[in-house]
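Below: the structure, in structure tokens.
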Amino acid sequence: MRWIAILCLLLTFASIFPEVAATPSAQELLDSGRVDEAVQVFEQQVRQAPNDAAGYNLLCRAYFMREEWDRGIPNCEKARNLDPQNSLYSLWLGSIYGEKADRAGFLSAAGLAKKVRAAFERAVQLAPNDWKARVSLGEFYLEAPGIVGGGKDKAREQANALMPIKPGMAYWMLGRIAEKNKDMAEAERQYRAGIAATHSGARAWLELAIFFRHVNRLDDMEKALREVENAPVDHHEALMDGASLLMRTGRDPALGIRLVQRYFSVGTVEEGPAFKAHEYWGQLLERQGDHRGAAAEYRAALALFHDYRRAEEDLKRVAH
């Protein structure tokens, strides 16, 4: 019975020092989607340590999750300027520049695109084996026009560099290149090669499902997402993104709900903000006619991010 005594001692310690027992790490705050709390914590952190590059990077990432690009960019720039040799800080700076560029007018977007390229190229230069940096740079090359430094040949170079580091993502990029070339048979072959390379990982099945949506093979899309439901979870956010795909295409809400439930059961991650997952869950429940359950999910989203406009609008719609 010694374990009972130990458990009681731990519980007593937690009750005496609740602030110690309950204090989450910075990454835990981001992974749990507690984005309002994260902003408060990281703002206090940079006030107390104005030369802390890590604190500015964390604050930028919290604003990134809230899609507040203009508030996040100065913090990402500060992190990069304080520690210009840190690949992660250049990667996040390029990412938030890219989100801003996607929503900007033509002239502003062109200027931002050059900053995106410079940041991603610097991230790869600093950390050549960082697969996330190479994926981000390759995707930029694939999507950006040549006038700002884009190009499919450059994207292929990144795919080749990825092959020994992260083969599943290398095949994904090759699939994207084939899609750009309008070679859909080759694209499907590359996506399926990614599935084989990752031993049927969830993300590779998701990418195949996204491809099927692009070519309007929605039944095949659903079949691929059923594979996601039971696949090894190599990227947790793939479950949430699969639910979002079903929601956006108006297909099988029950499968979407199972995907988002599994997402919460295996653990939320920064790449898939939990408040968005709650909102997706609510929309899927709403499509099944469960307005009470949907309202509960929208409220759960707002508890994490109180200014989440989509959840506010959703809640107004179902909470009469």
In Å and rounded to the nearest 0.5 Å, what is the NZ to CD1 distance from Lys180 to Ile177?
-> 10.5 Å

Rounded to the nearest 0.5 Å, how far does CG of Asp241 lie from CE of Met247?
-> 10.5 Å

Would you find a donor on one side and an acceptor on the other, under 3.5 Å apart, between the side chain of Tyr298 and the backbone of Gln283?
-> yes

Residue pair Met163 / Leu174, side-chain heavy-atom distance below 4.5 Å = yes

At what distance, to the nearest 0.5 angstrom, does CG of Leu162 lie from CG of Asn129?
-> 10.0 Å

Taking only Lys NZ, Arg NE, NH1 and NH2, and the carboxylate oxygens of Asp or Glu, determine whether Lys132 and Glu271 approach each other closer than 4.0 Å.
-> yes

Identify the heavy atoms of Ala104 and Ala109 that sit nearest to each other, and give their distance.
-> CB-N, 3.9 Å

Main-chain N/O of Pro128 paired with Arg134 side-chain donor or acceptor, under 3.5 Å = yes

Are Tyr97 and Leu88 joined in one hydrophobic group, where the rule is that I, L, V, M, F, W and Y side chains link up if heavy atoms are under 4.5 Å apart?
-> yes

Any idea which heavy atoms bring Cys60 and Gly72 closest together, and the distance?
-> SG-O, 3.5 Å

Does the side chain of Arg292 come within less than 4.5 Å of Val318's, by heavy atoms?
-> no

Say whether, by atom type as modelled, one donor and one acceptor occur between the side chain of Asn181 and the main chain of Asp183 under 3.5 angstrom.
-> no

With distance as the sole criterion, is a donor-acceptor pair present between the side chains of Arg156 and Asn160 under 3.5 Å?
-> no

Co-membership, hydrophobic cluster, residues Val215 and Leu246, 4.5 Å side-chain = yes

Does Ser90 reach the main-chain N or O of Ser87 with its side chain, forming a donor-acceptor pair under 3.5 Å?
-> no

Euclidean distance, Asn86 CG relative to Leu93 CG, rounded to 0.5 Å | 11.5 Å

Spacing of Tyr89 atom OH and Leu126 atom CG [to the nearest 0.5 Å] | 12.5 Å

Check the pair Gln48, Glu43 against side chain to side chain contact (heavy atoms under 4.5 Å, CB included), reporting the backbone distance first and the verdict last.
-> CA-CA 9 Å; Gln48 293 175 343; Glu43 282 183 340; over 6 Å; no

Do Tyr191 and Leu245 belong to the same hydrophobic cluster, where Ile, Leu, Val, Met, Phe, Trp and Tyr are linked whenever their side-chain heavy atoms lie under 4.5 Å apart, directly or via other members?
-> yes

Search all heavy atoms of Leu91 against all heavy atoms of Ala123 and return the closest pair with its distance.
-> N-CB, 3.9 Å

Hey, is Lys276 close enough to Glu67 for a salt bridge, meaning N to O under 4.0 Å?
-> yes

Please check if the distance between the ring centroids of Phe64 and Trp69 is under 6.0 Å.
-> yes

In short, Leu304 meets Gly33 closest at the heavy-atom pair CB-O, 3.3 Å

So does Glu270 pair up with Arg61, basic N to acidic O under 4.0 Å?
-> yes

Would you kindly say whether Arg122 and Gln125 are connected by a side-chain donor-acceptor distance under 3.5 Å?
-> yes

Check for a donor-acceptor pair, side chain of Tyr263 on one end and backbone N or O of His236 on the other, with a separation under 3.5 Å.
-> no

Do Tyr56 side-chain atoms and Pro50 backbone N/O form a donor-acceptor pair below 3.5 Å?
-> yes

From CA spacing to verdict: side chain to side chain contact (heavy atoms under 4.5 Å, CB included), Glu207, Ile210 | CA-CA 5 Å; Glu207 299 300 347; Ile210 293 171; 3.7 Å; yes

Heavy-atom check, side chain of Phe211 versus side chain of Met221, under 4.5 Å = no

After noting the C-alpha distance and the side-chain angles of Leu218 and Asn216, does the key distance pass the side chain to side chain contact (heavy atoms under 4.5 Å, CB included) rule?
-> CA-CA 5 Å; Leu218 297 185; Asn216 202 33; 3.9 Å; yes

4.5 Å side-chain heavy-atom contact, Ile257 and Gln288 = yes

Carboxylate-amine/guanidinium contact Lys154 Glu121, below 4.0 Å | no

Using a strict 4.0 Å threshold on nitrogen-to-oxygen distance, state whether Glu188 and Arg192 make a salt bridge.
-> yes

Any Lys/Arg nitrogen of Arg309 or Glu313 sitting under 4.0 Å from an Asp/Glu carboxylate oxygen of the other?
-> no

Can you tell me how far the CZ atom of Arg251 sits from the CD atom of Glu222, to the nearest 0.5 Å?
-> 4.0 Å

Could you check if a side-chain atom of Leu59 sits within less than 4.5 angstrom of a side-chain atom of Val46, using non-hydrogen atoms only?
-> yes

Are any of the side-chain nitrogens in Lys316 or Glu312 under 4.0 Å away from the carboxylate oxygens of its partner?
-> no

Would a distance-only check, ignoring hydrogens and angles, find a side-chain to backbone donor-acceptor pair under 3.5 Å from Arg66 to Phe305?
-> no

What do the steps show when you test Leu259 against Met240 for side chain to side chain contact (heavy atoms under 4.5 Å, CB included), and what is the final call?
-> CA-CA 6 Å; Leu259 287 172; Met240 185 189 98; over 6 Å; no

Heavy atoms, side chains only, cut-off 4.5 Å: are Ser244 and Arg248 in contact?
-> yes

Nearest heavy-atom contact between Phe275 and Val35 is CE2-CG1, 3.7 Å

Has the side chain of Asn81 got a donor or acceptor atom that lies under 3.5 Å from a matching backbone atom of Glu77?
-> yes

Donor + acceptor pair across side chains of Glu179, His214 (<3.5 Å) = yes

In the single-linkage hydrophobic clustering (I, L, V, M, F, W, Y; side-chain heavy atoms under 4.5 Å), do Trp92 and Leu82 co-cluster?
-> no

How about Gln190 and Glu186: does a side-chain donor come under 3.5 Å of a side-chain acceptor?
-> yes

Can you tell me if Thr198 uses its side chain to pair, donor with acceptor, with the backbone of Gly194 under 3.5 Å?
-> yes

Out of curiosity, does Ile195 fall in the hydrophobic cluster containing Leu225 (side-chain heavy atoms, cut-off under 4.5 Å, transitive links)?
-> yes

Apply ring-ring contact (aromatic ring centres under 6.0 Å, His included) to Trp205 and His235, showing your working.
-> CA-CA 11 Å; Trp205 277 110; His235 294 262; over 10 Å; no

Minimum heavy-atom distance between Ala79 and Asn57, given as atom pair plus value = CB-N, 3.6 Å

Classify the side-chain pair Tyr308/Arg310 by whether it contains a donor and acceptor separated by less than 3.5 Å.
-> yes

Ser25 backbone acceptor or donor facing Glu28 side chain under 3.5 Å | yes

Residues forming a salt bridge (Lys or Arg N to Asp or Glu O under 4.0 Å) with Asp52, sequence neighbours excluded = none

